[in-house]
Amino acid sequence: NGKPGAAKSLVKCDDCGRERTVFRQSIQQGYGIKNCQKCYNNKPRPDFCNKEDISHFLNIKTPEVAYFLGYFWADGHVRKNDNGIAFKIQKRDFVEIEWIFPKIFKKYHIYEKPHKIKNWQDMKELFHTNINLRKFLIENDYHIKSGASPDKILAKIPEGLRHYWWRGYFDGDGNFNFNKKAQCPR
């Protein structure tokens, strides 16, 4: 943990050999051992970052894209510090949506992360980098979705595909409960 007085170790950057201090817990969990921040920031980014065609987002014609956009409204986020978008979902839920990614993206990354809190579910994260897709999502309020209405994106989805957006949204955030006291669903 990053608390004052926590155990620390010196590790060397894999690229430049510069030593830096890392918390031992981070090393045990596999974090912070590859590159120093300077080398990481100077690494060339993959060539697919901005080359992938996003016309299927600009002109929505498939249920998969509509579903993805609904699910992304529920569980995705537009990253602030780079051109990326990401999902961070519990591992057991990720398998339910993983089928859609190859239908929408040519290249993407999936990371598995053990949860830092004991007895919590492990997470899986999808990460995709594309400046044009990020711009499209921002133009449609995905960066402020917690305080915004999905009206902009829904207006771009043909009426016959909108139920796929809602299904994706519901799969990301919805659930049904049965209230035994009131004997009704909620």
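Note that these values count all heavy atoms, side chains included, but never hydrogens, waters or copies made by symmetry. Computed from a predicted model, the values in this text were never measured in an experiment.
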If Ile, Leu, Val, Met, Phe, Trp and Tyr residues are connected whenever their side-chain heavy atoms lie under 4.5 Å apart, and connections chain through other members, are I85 and I144 in the same group?
no
Decide if atom OH of Y142 counts as having more than 12 heavy atoms of other residues, nucleotides or ligands within a radius under 6.0 Å.
yes
Is the shortest heavy-atom distance from the side chain of F136 to the side chain of K156 under 4.5 Å?
yes
So which atom in H128 and which in K107 form the shortest heavy-atom distance, rounded to 0.1 Å?
ND1-O, 2.9 Å
Should H109 and L126 count as side-chain neighbours, where that means a heavy-atom distance under 4.5 Å?
no
Under 3.5 Å, which donor-acceptor pairs link side chains of residues 57-68 to any protein atom two or more places apart or in another chain?
unit_1	atom_1	unit_2	atom_2	d
T62	OG1	V65	N	3.3
Y67	OH	D171	OD2	2.5

So NZ of K135 and CD1 of I54: to nearest 0.5 Å the spacing works out to 9.0 Å
Before we go on, tell me: are the rings of F127 and F87 under 6.0 Å apart, centre to centre?
no
Taking side chain as C-beta onward, heavy atoms only, is D141 less than 4.5 Å from W73?
yes
Would you call K124 and I89 a side-chain contact if the rule is heavy atoms closer than 4.5 Å?
no
Can you confirm whether I97 sits close enough to D75 that some side-chain heavy atom of one is under 4.5 Å from a side-chain heavy atom of the other?
no
Just do the salt bridge (charged side-chain N to carboxylate O under 4.0 Å, His left out) check on K91 and D122 with the steps written out, would you?
CA-CA 6 Å; K91 192 174 175 179; D122 289 345; 5.1 Å; no
Main-chain N/O of R79 paired with R134 side-chain donor or acceptor, under 3.5 Å:
yes
Quick check on the 6.0 Å ring-centre criterion: do W165 and Y169 meet it?
yes
Keeping the roles fixed (side chain from K145, backbone from G76), state whether a donor-acceptor pair exists under 3.5 Å.
yes
Test of ring centre spacing under 6.0 Å for F101 and F94:
yes
Please check if V95 and F72 belong to a single hydrophobic cluster, counting links between Ile, Leu, Val, Met, Phe, Trp and Tyr side chain heavy atoms closer than 4.5 Å.
no
Return yes if some donor-acceptor pair links the side-chain N/O of H56 with the main-chain N/O of I104 below 3.5 Å, else return no.
yes
Any side-chain heavy atom of K80 sitting closer than 4.5 Å to one from H143?
no
CZ of R162: more than 12 outside heavy atoms within 6.0 angstrom?
yes
